[in-house]
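Below is one structure; the comments refer to it alone.
Numbers here simply count residues along the sequence, with the first being 1.
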Amino acid sequence: MKQVSGTDERRPGQLQAFEAVRPRLLGLAYRILGSHADAEDAVQDTFLKWQADEREAVANPAAWLTTVCTRHCLDMLRAGDRARVDYVGPWLPEPVQTAADAGEDVAMAASLTTAFLLALQRLTPKERAAYLLYEIFDMPYPDVARTLGLQEPACRQLVARARGHIERGKVRQVTPPDRQRRLLDAFGEAVATGSTSRLARLLAADVRLSADGGGKVSATRRIMRGPAEVLRFVEAGLHVWWAGAAIEEVALNGGRGLLVRDGGGITAAVSFGYDADGRLGDIFVMRNPDKLARLDPAALH
């Protein structure tokens with residue numbers, strides 16, 4: 001995250017109160033917005049408002065900060081609607097590297113997967129915020145209502161509608177590490193050799209492949225659907241394009257994923273989605289350089 005600035009040294013208690021909540025704010029903002037860069041901006045703006053406000057009147061700093069951050073994220077969503085409509089090709093959430101052992105909190109890891117973040121994007125902004133606050137961040141309904149400026153029954157309805165959409169999409173299951181291991185090995189073999197026989201046995205019948213280039217680099221602009229089309233794309237596309245690239249396994253969005261490096265820089269990030277039976281249901285290929293920048297330590301520092 002950007003370094004906070006201003007009167008930090010003169011207000012150590014104020015900074016400490018903010019720092020205690022910052023990871024939660026960043027996690028909430030990222031899930032609402034689907035962009036780590038935008039989430040950092042939202043948290044930074046929340047800090048600036050925290051600096052400017054009269055804290056003596058704030059009985060619960062965490063609740064105050066969560067409310068300000070959530071409402072700012074909703075404002076950002078409304079402001080960004082036009083850009084999303086004009087987006088070139090499929091839109092995918094900005095990938096983030098996560099802790100190597102994401103299993104310490106299965107529910108939180110599941111709420112970071114690309115498939116889950118895409119499901120959130122199909123909700124209305126207030127449904128998304130209410131669902132995240134209640135289901136993922138364990139905020140009671142009265143506090144959710146205060147955060148969103150709504151009556152409690154309205155918040156319950158928002159969460160119920162959102163839960164129905166999420167459950168129908170079946171995107172919150174967590175795939176065991178051994179299944180992820182077999183998939184990564186098979187996918188890596190298919191990219192390296194062009195042989196997709198092992199990978200084919202792990203695919204769901206309705207498997208999809210989505211690539212986000214954002215109109216900035218070459219990427220397929222339609223979603224590949226079904227084993228035949230997806231495997232053909234891996235054989236004739238990814239195998240050829242990534243033949244000389246270095247492929248690194250990383251913890252990505254709560255699961256195991258891959259970074260593709262060519263010429264020293266990251267040119268793609270690949271994450272995966274699984275169905276309820278642990279079969280591969282989605283392959284997500286991020287090519288947009290703007291969304292890859294924060295995955296490269298050189299860019300971060």
Side-chain angles (χ1 to χ4, degrees), residues 1-2 4 18 21-50 62 65-98 107-137 139 144 147-150 158-159 162 165-166 169 171-172 210 212-216 252-254 257 269 271 273 284 286-295 299-300:
M1 178 183 168
K2 303 170 186 174
V4 294
F18 173 80
V21 185
R22 184 173 71 173
R24 176 186 176 93
L25 298 180
L26 189 58
L28 174 63
Y30 172 67
R31 288 168 174 84
I32 292 176
L33 299 169
S35 165
H36 195 262
D38 289 345
E40 286 182 327
D41 288 343
V43 173
Q44 179 77 357
D45 288 342
T46 299
F47 176 76
L48 295 176
K49 291 180 181 178
W50 173 244
L65 290 163
T66 300
T67 296
V68 170
C69 187
T70 301
R71 293 181 180 180
H72 187 63
C73 287
L74 295 180
D75 289 341
M76 292 175 72
L77 285 177
R78 285 189 285 269
D81 281 348
R82 180 72 257 171
R84 184 68 61 84
V85 169
D86 295 336
Y87 201 81
V88 177
W91 179 94
L92 295 176
E94 181 181 346
V96 293
Q97 286 189 253
T98 47
M108 291 299 281
S111 72
L112 279 172
T113 65
T114 303
F116 180 74
L117 294 174
L118 283 173
L120 289 176
Q121 298 296 315
R122 292 189 281 272
L123 306 176
T124 69
K126 284 191 175 180
E127 284 175 347
R128 195 183 312 172
Y131 179 86
L132 287 168
L133 289 169
Y134 180 75
E135 290 281 355
I136 306 301
F137 291 90
M139 182 180 285
V144 175
T147 296
L148 298 180
L150 300 172
L158 288 173
V159 173
H165 287 300
I166 296 295
V171 294
R172 286 203 59 190
S210 309
D212 180 343
K216 300 176 183 296
L252 206 62
N253 285 83
S271 58
F284 303 108
M286 176 56 66
R287 291 270 294 132
N288 188 333
D290 294 343
K291 296 183 181 182
L292 293 172
R294 287 164 184 77
L295 294 176
L300 284 175

[X] vs [Y] side-chain heavy atoms within contact, under 4.5 Å:
{"X": "Leu295", "Y": "Met286", "answer": "no"}
{"X": "Arg31", "Y": "Leu112", "answer": "yes"}
{"X": "Thr98", "Y": "Leu252", "answer": "no"}
{"X": "Leu28", "Y": "Arg24", "answer": "no"}
{"X": "Leu118", "Y": "Trp91", "answer": "yes"}
{"X": "Ile166", "Y": "Leu120", "answer": "yes"}
{"X": "Leu117", "Y": "Tyr30", "answer": "yes"}
{"X": "Leu26", "Y": "His36", "answer": "yes"}

Taking all non-hydrogen atoms of both residues into account, name the closest pair between [X] and [Y] and its distance.
{"X": "Leu74", "Y": "Pro125", "result": "CD2-O, 3.5 Å"}
{"X": "Met76", "Y": "Ala42", "result": "SD-CB, 3.8 Å"}
{"X": "Arg71", "Y": "Leu148", "result": "NH2-C, 4.1 Å"}
{"X": "Leu92", "Y": "Ser210", "result": "CD1-O, 3.8 Å"}
{"X": "Asn253", "Y": "Pro95", "result": "OD1-CA, 3.3 Å"}
{"X": "Ala130", "Y": "Val159", "result": "O-CG2, 3.6 Å"}

Val43 and Phe18: side chain to side chain contact (heavy atoms under 4.5 Å, CB included), yes or no, with the steps?
CA-CA 10 Å; Val43 173; Phe18 173 80; 3.7 Å; yes
Would you check, one step at a time, whether the test side chain to side chain contact (heavy atoms under 4.5 Å, CB included) holds for Thr66 with Leu133?
CA-CA 9 Å; Thr66 300; Leu133 289 169; 3.9 Å; yes
With sequence neighbours excluded, tell me which residues meet ring pair (Phe, Tyr, Trp, His ring centres under 6.0 Å) with Phe137.
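In terms of ring pair (Phe, Tyr, Trp, His ring centres under 6.0 Å), with neighbours along the sequence ignored, Phe137 is linked to no residue.
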Roughly how far apart are Lys49 NZ and Cys69 SG, rounded to 0.5 Å?
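Going from the NZ atom of Lys49 to the SG atom of Cys69 covers 9.5 Å.
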Mind checking the CD-CG spacing from Gln121 to Leu33? Nearest 0.5 Å is all I need.
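Here the interatomic distance stands at 8.0 Å.
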Who passes side chain to side chain donor-acceptor pair (under 3.5 Å) against [X], sequence neighbours left out?
{"X": "Asp212", "result": "Tyr87, Lys291"}
{"X": "Thr114", "result": "Ser271"}
{"X": "Thr70", "result": "none"}

Can you name the residues that form a side-chain contact (heavy atoms from CB on, under 4.5 Å) with Asp45, not counting sequence neighbours?
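side-chain contact (heavy atoms from CB on, under 4.5 Å) check on Asp45 returns Leu48, His72.
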Does any pair with a residue in residues 88-97 pass salt bridge (Lys or Arg N to Asp or Glu O under 4.0 Å), and if so which ones, sequence neighbours excluded?
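Every pair satisfying salt bridge (Lys or Arg N to Asp or Glu O under 4.0 Å) with a residue in residues 88-97: Glu94-Arg294.
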